[in-house]
*Asks:* 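This structure is in structure tokens; I'll ask about it shortly.
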Amino acid sequence: MNTTLTFSDFNFDARLNDGLASMGYDKPTPIQQEAIPAILQKRDLIACAQTGTGKTAAYLLPILNNIIHAEKRHLNTLVVAPTRELAQQIDQQVEGFGYFLGVSSIAVYGGNDGAVWEQQKRALEAGVDIIIATPGRLIAQLASGVIKLDQVEHLVLDEADRMLDMGFYEDIIRIIKYLPEKRQTLLFSATMPPKIRALANRILINPAEINIAISKPAEGILQQAYSLYDEQKERLIQHILKDDKFPSAIIFASTKENVKKLDRTLRKMGLDVKAIHSDLEQADRESILREFKNKQLSIVIGTDVLSRGIDVEGISLVINFDVPPDPEDYIHRIGRTARAATTGTAITFINLHDQHKFQRIEQLIGREVEKVPLPLGFGDAPVYSPGTRKETSARKPFHKGKRPHGKSHHGPHHRGR
Ligand code: AMP
């Protein structure tokens, strides 16, 4: 796999690059690095990737790039997804990018009242670039004649394994009959059981294949997180470490500067700590690691470089002073504890700015991490609500001037072209 691709390698339209920057996407995730070139080459695709890997943007970005360059605009893409929640999430990502591109989308899903059906119908009649639909409701709308799929260029089946588990196989085949034979079909699935292979054989032509394997944290790790402000972090570390409950701990911070600063502060607090960073000589780093291994030193602080290198038995606690930018680094960091089937604790500090990053981690590991309230006397904490505007919390939040991700909205939306 080529791990060195950047977004500029895809030669996207400048407006799309602006959208990427504003969404805070700095570099393509592994699935994006592999899928985007194949999709741009107009190949069919079968991709094994879970939620949290960035799979949605992996297909949306090249499709959006294609739409904005189209001479004549029409319904270009149909995304079929198993649930209303997923359809809405995909729609929100289109909306996030579409804001810069003037691309319109609508989520078509069942289970709501007649007014929403009418609203969906009106939006569909006005014309959209992308429809994101659950199979049942799509078939109902197709039967009503309001959706015409005969000019669709891209069909995406998202979470295909879940759709088959929910009994949508026949519905998918029925939907495909409405589509032109000449189209690009992209199939995404978290798992690849034989029935997915069979579906792929039936509907894909000479597809590119991508498999993004992700590691999972060991079962023995107790994972917890605190939502808090930056000013509260150091005091909380002191609180957690104060009773010597954890004989051996690693603290991770994202930058060398933070590692050094934290080292100074924790020493002042009287903690038995040393820091490892790139300004140290190799011999000094090794000597610190040896002390830590031999249990002569109880706490070591470092950046992610430490998370991959260190192989020490019996680490009882990992603290993430900030949320690692790459979700896989979270797994590497917390994997330093609970090795060899022992138990360990991994605690992550989440400031307002990092909430979105932590949500990606939770998506990748496939579950929510327990959020522990701050101890008494620590004052207010920010509400943990990634994907919403942060101004609702008690104090003025850290603000980077970016548009919020995953804007929440209800029901379908439609913007003119
Ligand atoms: P998905 O796997 O598509 O559900 O995406 C998980 C989350 O990752 C979503 O919240 C996306 O907005 C976010 N995301 C996708 N690609 C990137 C990227 N290249 N950089 C940062 N965030 C991303």
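Every number for a ligand or one of its atoms is a count from 1 in the order of the listing. What's counted below: heavy atoms across the whole structure, side chains too, no hydrogens, waters or symmetry copies.
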*Asks:* Side chains of Gln223 and Tyr330: any donor to acceptor distance under 3.5 Å?
*Replies:*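 Per modelled atom types, Tyr330 and Gln223 side chains form a pair under 3.5 Å.
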
*Asks:* Is the closest N or O pair between Lys27 and ligand 1 shorter than 3.5 Å?
*Replies:*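 Min N/O separation from ligand 1 is below 3.5 Å for Lys27.
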
*Asks:* Testing the 3.5 Å rule here: is there a donor-acceptor pair between the side chains of Asn351 and Asp230?
*Replies:*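 A donor-acceptor contact under 3.5 Å links the two side chains.
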
*Asks:* With ring-ring contact (aromatic ring centres under 6.0 Å, His included) as the criterion, how do Phe252 and Phe349 come out once you've worked through the C-alpha distance, each side chain's angles and the decisive distance to 0.1 Å?
*Replies:* CA-CA 10 Å; Phe252 287 108; Phe349 292 177; over 10 Å; no

*Asks:* Using distance alone, determine whether Ala57 and ligand 1 share an N or O pair under 3.5 Å.
*Replies:*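 Min N/O separation from ligand 1 is not below 3.5 Å for Ala57.
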
*Asks:* Test of understanding: with salt bridge (Lys or Arg N to Asp or Glu O under 4.0 Å), list the residues that count as partners of Arg235, not counting sequence neighbours.
*Replies:*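 Counting only residues at least two positions away or on another chain, Arg235 forms no salt bridge (Lys or Arg N to Asp or Glu O under 4.0 Å).
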
*Asks:* Out of Phe7, Tyr59, Tyr25, who is nearest to atom 14 (N) of ligand 1 when you count heavy atoms only?
*Replies:*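 When every heavy atom of Phe7, Tyr59, Tyr25 is considered, Tyr25 comes closest to atom 14 (N) of ligand 1.
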
*Asks:* Side chain, backbone, both or neither: which applies to Gln89 and ligand 1 if a contact is any heavy-atom pair less than 4.0 Å apart?
*Replies:*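 The answer is neither.
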
*Asks:* Below 3.5 Å, N or O to N or O, backbone or side chain included: is there any such pair between Arg360 and ligand 1?
*Replies:*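 Min N/O separation from ligand 1 is below 3.5 Å for Arg360.
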
*Asks:* Using the salt bridge (Lys or Arg N to Asp or Glu O under 4.0 Å) criterion, which residues pair with Glu286? Sequence neighbours excluded.
*Replies:*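 Counting only residues at least two positions away or on another chain, Glu286 forms no salt bridge (Lys or Arg N to Asp or Glu O under 4.0 Å).
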
*Asks:* With atoms numbered from 1 as shown, which atoms in ligand 1 lie under 4.0 angstrom from a non-hydrogen atom of Thr56?
*Replies:*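 By the 4.0 Å cutoff, the relevant atoms are 1 (P), 3 (O), 4 (O).
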
*Asks:* Do Thr265 and Arg267 meet the criterion of a side-chain donor-acceptor pair at a distance under 3.5 Å?
*Replies:*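 No.
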
*Asks:* Is Gln32 touching ligand 1 with its side chain, its backbone, both, or neither, if touching means heavy atoms under 4.0 Å apart?
*Replies:*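 The part of Gln32 near ligand 1 is the side chain, not the backbone.
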
*Asks:* Check for me whether His356 has a heavy atom closer than 4.0 Å to any atom of ligand 1.
*Replies:*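 For ligand 1, residue contact (heavy atoms, under 4.0 Å) with His356 is present.
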
